[in-house]
Structure formats: structure tokens, C-alpha cells
Amino acid sequence: MQRTYTSKVGKGKFLVKGWVAKVRDLGNLKFFMLRDREGTLQVTAKKGVVSDGIIKEVSHLGREDCVAVTGKIVSSKQAPGGRELIPDKIEVIARAQTPLPIDFEGKIESGFDKRFDYRFLDVRNHKVQAIFRVMDRTLKHMRESFERNGFIEINTPVIQAAGAEGGSTMFPIIYYNREAFLRQSPQLYKQIMMASGLDRVYEIGPAFRAEKFHTTRHVSEFLSMDFEMAWIDSEEDVMKVLERLVVDTLKGVKKSCKRELELFQAKLKIPEIPFRRIEYEKAIKMVNKVGAKLKFGDDFMDVEEKKLGEILAKRGIEWYFVTKFPSQIKPFYIMMDGKYSRGLDLAFKGLEIASGGQREHRYGVLVKVMKAKGLDPHQFKFYLDAFRYGQIPHGGIGYGMERMVQKILGLDNIKEAILFPRTPEKLVP
Ligand code: ATP
């Protein structure tokens, strides 16, 4: 007989497989909850109704034993979901040791560290599992949107010789007999691909930052979604694609993750296009009015980002762009118009989700900016070469996938949206 998920059983005989979630022994009546990926099902063994062998088997079951149960589904007023399984065969596939190292059903809250040490148990909790289903669907709907908009998915190296985002957050590794780095982003490679004629590319893959500080929105390894598009007139073209991508994705998630969103009581609002665009100087004025002390050239820190989010939330705005950042705080590859850059950030409820803009595609200007920012162009020859033989105007963004899921579900900490988070303290498991 083929296995059926607990959510799919109807009337008749079925084989279900899963973990023993709860055992109750009322003497002549014994029952347990069987949990699988899709839900739970009560298995009821009543003396006189099932064989003595089954009764004995059930009385030996312990929490998280792994079982395969065959039996008949019958309606039941008392059982959760209004149905229960009357077993005629119980096979114990594996026993679970006791006591369990964490109580993942949430009666006793376990700290982050312990939960991540035993993540395989933690994810048996359906609410925790829901986070990764939302991530799965988010990625799926994004890919669909990219496909509709003519993007090609690419993969570029994670092991790199030079970093794009500056030295302090690079992870050095030993690459045979020389030093290399884990990528901070696919920035340089996706820009190189703009000179290849592929026109519109995206990549979804890990990015690494040796971040020193501890916040609820930073980790050392995150899933970065990056796109780059050619033949643009300005950063406005990038924003248009990005806001469409966000709306497509949210619409998809809202439809395909109803159950998961409900578990988190997450009300997902679909923003209207165009998203609000707020120039950096205006954003500074807005947050300074409520106590911040930013001046031109300062970067938005956590508190100011949140403040701006709160101000806009009062106006019913959850998603917005901040544009026209000062050139001095943007990386060398962003196009500068004197004092202002063509860089942009996309924020969702006061958290930066993506960052990008129009890139500098003119070889001579790029080299000059690199030097002015203290970089040695010789180290970037492989990148600069792409700008010497017909590079076209282009732009794109880098987008943090876990931050997106964090905000969709209202998770306090980004780590919850990562199966095995990497932080300065956490390398195992
Ligand atoms: P922040 O200012 O919040 O530290 P950043 O400006 O360093 O972010 P970018 O280098 O522009 O970020 O990266 C693009 C996107 O990648 C960010 O908007 C964010 O969503 C995500 N991201 C960057 N660093 C991290 C990190 N350490 N952990 C999780 N996500 C990150």
C-alpha cells in the first residue's frame, strides 16, 4: 500500500507514516497523534476493537518514535479534524531516545542556540516548517516573475579573487596555495555578463559577509537574489522591474501560502505600483523631524531605517524606495552624478531589503572612481576588461531573501528564516 499524507486521508483504508506526537493511555483506550509533513492524525486503539497485539504496540510507543500505521479512517466527534485512524498494523521504524533535547512543540521555549543545535527536531514543528515553505514559494514566484520579464538565470563563482563590497566584510579562504574570498555578492560577475549580450540576468545564491555586529537583520551567510539588466536609461528602469517583481511575488505567496500566513497571523498587503520614491535628503529631513541627527553623507543606521519605516507606516506605506544617495556612501560601481549617486534602496516596513541602482559603465570614469575610493584597478582587471570592448548602460540590485521572509511573517530575528544560520558564534551545525 502507498503512503498517504495525513491531510489527504479520506474514507477507507490508508497507510500513514510519521512521528508519534503525543501518546495518551486511558487503560482500555489508548491513542496517539501521528505527525507528518502535512498535518496530524489521531490513531485510536480501543480494547475489543483492535487486536491485543496492537494495544501492546501502542502502549510501548514513545514521543517521536517513527511509525508506519495501516488502518481504517472513521469519523469521530472527539478527534481533532473529526476523523481518526483505527489501526490494524503498526510498524515501528525507529525509536526516539528520551528525553528529547528540546521541546519543539513549544511548551517549554528553547533558546535560539539549542533550537539550531537540534534544527531537525525544531523543524518538526509545523509553524517553524511554515517559514521554509514560505521561502520555497517566494523563490518560486520570483523565478516565475523573472521568466515573464525576460530574465535568464545564471550562476557565477562563490570563490572569488577580489571582493566588490570592500575589505572589512570579506571572508578569506585558502585556495590551493593562495588567498581567495567567499563572495560578498555576485556584483562584479553579473556586471561582466552585461557585456556578453545576455541583457537580463538574475542569480539566486549564497553571499557571505564577515559582519562584526550583532543585529536581528544580519548574518554571516545569506541568500542573495541579484539581477542585472542592460540598455537602461536610468535607475528608474531598475525600480520599475523591481517593484513588479515584488508585487508578483507577494501576490503569489498570498495565494499559495494561505495556511502558513495564517499560522503567523501575517496580513500580507499587496502594494500599489509605483512604490513611493523618497530622495535621500527628504528621508533625512523626515527622520530628523522625529529626533534623528543625520546630515548629508551619513548612512541610515538601524534606528533611522526603523524611524522612516514608522513614519511611512502611518501613511499606509510599507514598501518604498530611497533614491539619490550621496556619492560618497555608495560603492565604486554605482553611477555618480557629482554629489548624488544613482543608487537606490528598497525597504519593507523599515528594513532595507534590496540595494542597487544604475552602474557606471564608462571605462575611464569607472577607473577614476575606483582610484578615488582607494582601490587598485589592476586587481580588478578581469572586471574592467568587460568595460573596454563595448559595455552598455546597465543597472540592477542585490536582494536579501531572508529579510524578505522575515518581514512577510513578522519574525523578530532573521536567523529564524535560515535553517542553519551562520553568525560570528555559530558555525556548527
Ligand atoms: P545593511 O546596510 O543593512 O548592512 P548592506 O547595505 O550592507 O545592508 P548590500 O551590500 O547592499 O547590503 O546587500 C544587498 C542586500 O543584501 C541588503 O539589502 C540585504 O537585504 C541583504 N544583506 C546584506 N548583508 C546582509 C547580511 N549580513 N545578512 C543578511 N542579509 C544581508
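We count residues from 1, following the sequence as given. In listed order, ligands and their atoms are each counted from 1. In this text the structure is predicted, and so the values were computed from the model without any measurement.
- Proximity of D299 to ligand 1, defined as any heavy-atom pair under 4.0 Å, is not found for any part of the residue.
- Cation-pi contact between K339 and F296: present, with separation from the ring centre below 6.0 Å and deviation from the ring axis of at most 45°.
- Residue G398 has no nitrogen or oxygen atom sitting less than 3.5 Å from a nitrogen or oxygen atom of ligand 1, judged on distance alone.
- Using a non-hydrogen distance threshold of 4.0 Å, M401 does not register as a contact of ligand 1.
- Below 3.5 Å of separation, one finds no N or O of I414 facing any N or O of ligand 1.
- Considering backbone and side-chain atoms together, Y399 places no N or O closer than 3.5 Å to any N or O of ligand 1.
- Here E352 has heavy atoms under 4.0 Å from ligand 1 in both its backbone and its side chain.
- In terms of polar-atom proximity, defined here as any N/O pair under 3.5 Å, F222 makes no such contact with ligand 1.
- Nearest heavy atoms, F32 versus I90: CE2-CD1, 4.2 Å.
- Residue contacts with ligand 1, taken as heavy atom pairs separated by less than 4.0 Å, involve A354 solely via the backbone atoms N, CA, C and O.
- For the ring pair (Phe, Tyr, Trp, His ring centres under 6.0 Å) test with F348, the passing option among F321, W319, Y320 is W319; the others fail.
- Note that K330 lies in the cation-pi zone of F325, set by a 6.0 Å cut-off to the ring centre and a 45° limit from the axis.
- A cation-pi arrangement is present between R63 and F104 under the rule of less than 6.0 angstrom and at most 45 degrees off the ring axis.
- Judged by distance alone, the side chain of D36 and the main-chain N or O of Y5 form no donor-acceptor pair under 3.5 Å.
- Under a 4.0 Å criterion applied to the non-hydrogen atoms of E211, ligand 1 contributes the atoms 24 (N), 27 (N).
- Contacts between R403 and ligand 1 below 4.0 angstrom, taking non-hydrogen atoms only, involve the side chain exclusively.
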